[in-house]
Q: 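Could you have a look at this structure, given as structure tokens, before my questions?
Remember, it's 1-based here, ligands and their atoms both numbered in the order they're listed.
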Amino acid sequence: MSDTALRICPLCEATCGLTLTIEDGRVTGARGDREDVFSAGFICPKGAAFGELDGDTDRLTGPLVRDKDGELHEATWAEAFAAVEAGLREVLDAHGTEALGVMLGNPNVHTIAGALYPPVIMQALGGRNLYTASTVDQMPKQVACGYLYGNPLAFPVPDLDRTDHLLVIGANPVVSNGSLATAADFPGKLKALRRRGGRLIVVDPKRTRTARLADRHIAPRPGTDAALLFAMVQVLFEEGLVALGELSERITGLDELRALAADFTPEAVAAYCDVPAAEIRGLARELADADRAAVYGRMGSTTTEYGTVASWLVDVLNVLTGNLDRPGGVLFPQSATGRAPRPPKPGKGFKVGRWHSRVSGHPEVMNEFPLAALAEEIDTPGEGRLRALLTIAGNPVLSAPDGDRLDRALGSLDFMVSVDPYLNETTRHAHVVLPPPRPSQSPHYDVAFSRISVRDNARYSPAAVPLEPGRPDESEILARIAMVLGGLPVDGDPGGVDDLVIGHGLRQAVGDPHSPVHGQDPDALAGRLTGATGYERQLDLRLRLGPYGEGFGADPEGLTLDRLKASPHGIDLGPLKPRLGEILRTPSGKVELCPAPVAADVPRLRAALAVRANGGLVLIGRRHLRSNNSWMHNVPALTGGSNRCTLQVHPEDATRLGLADGGTAAVKGDGGEVAAEVEVTDEMRPGVVSLPHGWGHDRPGTRMRVAARAPGVNVNQLLDGSRLDPLSGTSVLNGFPVQVSPA
Ligand SMILES: Nc1nc2c(c(=O)[nH]1)N[C@H]1C(S)=C(S)[C@@H](COP(=O)(O)OP(=O)(O)OC[C@H]3O[C@@H](n4cnc5c(=O)[nH]c(N)nc54)[C@H](O)[C@@H]3O)O[C@H]1N2
Ligand SMILES: Nc1nc2c(c(=O)[nH]1)N[C@H]1C(S)=C(S)[C@@H](COP(=O)(O)OP(=O)(O)OC[C@H]3O[C@@H](n4cnc5c(=O)[nH]c(N)nc54)[C@H](O)[C@@H]3O)O[C@H]1N2
Ligand code: SF4
Ligand SMILES: [Mo]
């Protein structure tokens, strides 16, 4: 018996709609859903392998619990939850809240459960030891947006369908399919931009697949983008090209910015960036000249030595050219599950450092400490040491600096719980592993990515394959953990967690004079929510009270979960619209163009300009279309073919270093040494080598048999965790020094 079901792909940020073929409860095929309102049939090899990934026989089907001899064995769900309760309670009772750390990994932004329950878990715990993948990723952008707009989650995204000029800084969307700019078929949109006469310019030390599509490719020395972007700002001021348009009344700090940029002339930065001054000047003039332009930066701009400064300057350029909050420029999406628009008002502004980490004194940023500091918080003795850890959808042994140290630290914990479908490099240390069901058995709504989509839309896929009786979904798993941390018995009704969240949300809404339900009875409103499960009722609440919602009767045509379910290919909510006024929550109520904490980091950059490059090699990362971070190397459909974990080296460097294509190189960094196969390619810029992350599947005690056969090496072993962007606590993963020699 074969059947089809629609499912939004959770495997990257593009959120493509898939049509799954299902036979006897197994996914036997996946193709693009041509009727999907957002992706219109686009699919990539990962989406096409959804069935293989979903049906991977190494996926855990039930929980694992560590016995007294230290061995993991299969257990019932009731036993596993009881073990979680006992283990966490013991640590918390003996050592207090601060003894438990929480690590949230990337797939949390790809699940409903990951969107709805981790905040409840953190609140129930009341602790200050949160670590996430953000500090090996986009945190610099969040900090920059926090200061500029007063809201660290307000990301302006490039209006890909309408722009005339796209300047890409350190992103490779033809391979990554886009990030912090959710667009299905990003490659197609870049081609369409060029077809309609627009320009694509890529700044990347490597001639990537995206760079090959571009009108122009500029290859700076890694880590120098902040200086290059500053020089563009300087040119805009110097040549009278600043054109704020309607933004002129809505910004502060223009004079301070001009003064700060004054000495970053193209000539002053050219040698540091290794880009001719005339080219930098040209970049600025072309940007100013374009009718509608967007500057867009990603990993190559954020995970660098000056990540926050570079991320800030990306937005500064959009402001100075009048392209912020304008069609064809960069705009703030309006998510259907976000808050309904509020009248503009000044906010409290963005602050970091409300508390500091125990060992290195890192400031908290958005309640988080740097992921790079997790190991030291566990293995450094003393009062307040982390003794227990909860990981949800994370594999920091491979994704964070110095995996060997973290690996040892995790092995020393009194108690560790992992919510993860695999027994991998990280979860192998857990005392209890709680696997979520397969993606085909999980519902989907992109709470996170609808905040950053290049076109507003709402799409919901219910689970395509029913859960086995007694099997908890990921929402229930996380709700039960929240119950333990909140002091409730773990075997109680997990729906109570949803009721609490819903009750809290409704009480806030009825007390809010701008809400359509102001003054109404929250219990009566709760009774009107539909949805078969707690998370569905939460979703219904968010949709109803959101910007497109029916507001419990206020707009009878508006969105509800039922309406969304009646549109299985999704609901298109139109192109992005200007809405800066609703976004701004800075103390001044304006875009604060020259925030003091960012300006305070500029002398560090200025000092770097004076230091001549020593000619040493630096390393950058890369991604592969058939992979995602560390967890897709166990699927034969996505891993066959030649070795992908190679050290890419420019021919000149290869000759100078005595490296042969196909030979082995020893690569050494602050944190250790790895040996990798050499791939000589002139796509690299001289002086720069590249190694992908997410590899190194050769540790014992994992259960990923395919991955273990071609383990690759862990690039993050080359780091010791000390190189951070100081404003965001984000690791420098791109542009760090290495030594390379034949092995
Ligand atoms: N050197 C270097 N390091 C990097 C990067 C780089 O470019 N270079 N990139 C960084 C970036 S951008 C990121 S986002 C991080 C990622 O860092 P992590 O989030 O730590 O790593 P992932 O490999 O994404 O691990 C995801 C984990 O979630 C599990 N998982 C998959 N699906 C689900 C699910 O539905 N539910 C649950 N509970 N678990 C699930 C997987 O089995 C895996 O254990 O890595 C960072 N590390
Ligand atoms: N196929 C695939 N897709 C993915 C992922 C994956 O692993 N595989 N991971 C997902 C995740 S978690 C994320 S965060 C996104 C990331 O999405 P992207 O940021 O688009 O992906 P990267 O490949 O990290 O691209 C970073 C680019 O920056 C360049 N770069 C490195 N250093 C510098 C520098 O100093 N300056 C400049 N200008 N450029 C530099 C690199 O050469 C690279 O081309 O991708 C997502 N999508
Ligand atoms: S591009 Fe991303 S969302 Fe689309 S099919 Fe591929 S992995 Fe899935
Ligand atoms: Mo990421």
Q: Would you kindly specify which portion of Thr208 sits under 4.0 Å from ligand 2, judged on non-hydrogen atoms: side chain, backbone, both or neither?
A: side chain
Q: Using the side chain to side chain contact (heavy atoms under 4.5 Å, CB included) definition, which of the options Ile477, Val84, Thr427 pairs with Val417?
A: Val84
Q: From atom 45 (O) of ligand 1, work out which of Ser442, Pro435, Ser399 has a heavy atom at the shortest distance.
A: Ser399
Q: Does ligand 1 have a heavy atom under 4.0 Å from the side chain of Val136, from its backbone, from both, or from neither?
A: both
Q: What do we get for Leu625 next to ligand 2 when only non-hydrogen atoms under 4.0 Å count, side chain, backbone, both or neither?
A: backbone
Q: Just to be sure I read this right, does ligand 2 sit under 4.0 Å from the backbone of Ser627, its side chain, both, or neither, counting only heavy atoms?
A: backbone
Q: Quick one: which of Ser179, Ser134, Ala393, Pro10 has a heavy atom closest to atom 39 (N) of ligand 1?
A: Ala393
Q: Starting from atom 1 (N) of ligand 1, what is the nearest protein heavy atom, named by residue and atom, and what distance separates them?
A: Asn716 OD1, 2.7 Å
Q: Look at ligand 1 and say whether His110 reaches it with a heavy atom at a distance under 4.0 Å.
A: no
Q: Quick one: does Pro421 get a heavy atom under 4.0 Å from ligand 1?
A: yes
Q: Any idea which protein heavy atom is nearest atom 4 (C) of ligand 1, and the distance to it?
A: His693 CD2, 3.3 Å
Q: Report the protein N/O/S neighbours of atom 4 (Fe) of ligand 3 that fall below 2.8 Å; do not count waters.
A: Cys16 SG
Q: Counting only nitrogen or oxygen atoms and a 3.5 angstrom limit, does Gly621 reach ligand 2?
A: no
Q: Side chain or backbone of Ala171 under 4.0 Å from ligand 2, or both, or neither, by non-hydrogen atoms?
A: both
Q: Measure from the ring center of Phe38 to the ring center of His569 and say whether it is less than 6.0 Å.
A: no
Q: Name the option, out of Thr391, Asn106, Asn714, that contains the heavy atom nearest to atom 19 (O) of ligand 1.
A: Asn106
Q: For ligand 2, note which part of Lys46 has a heavy atom under 4.0 Å away: side chain, backbone, both or neither.
A: side chain
Q: Among protein heavy atoms, which lies nearest atom 36 (N) of ligand 1, and at what distance?
A: Glu474 OE1, 3.0 Å
Q: Could you work out, for atom 7 (O) of ligand 2, the closest of Asp204, Asn734, Asn629, Leu638 by heavy-atom distance?
A: Asn629
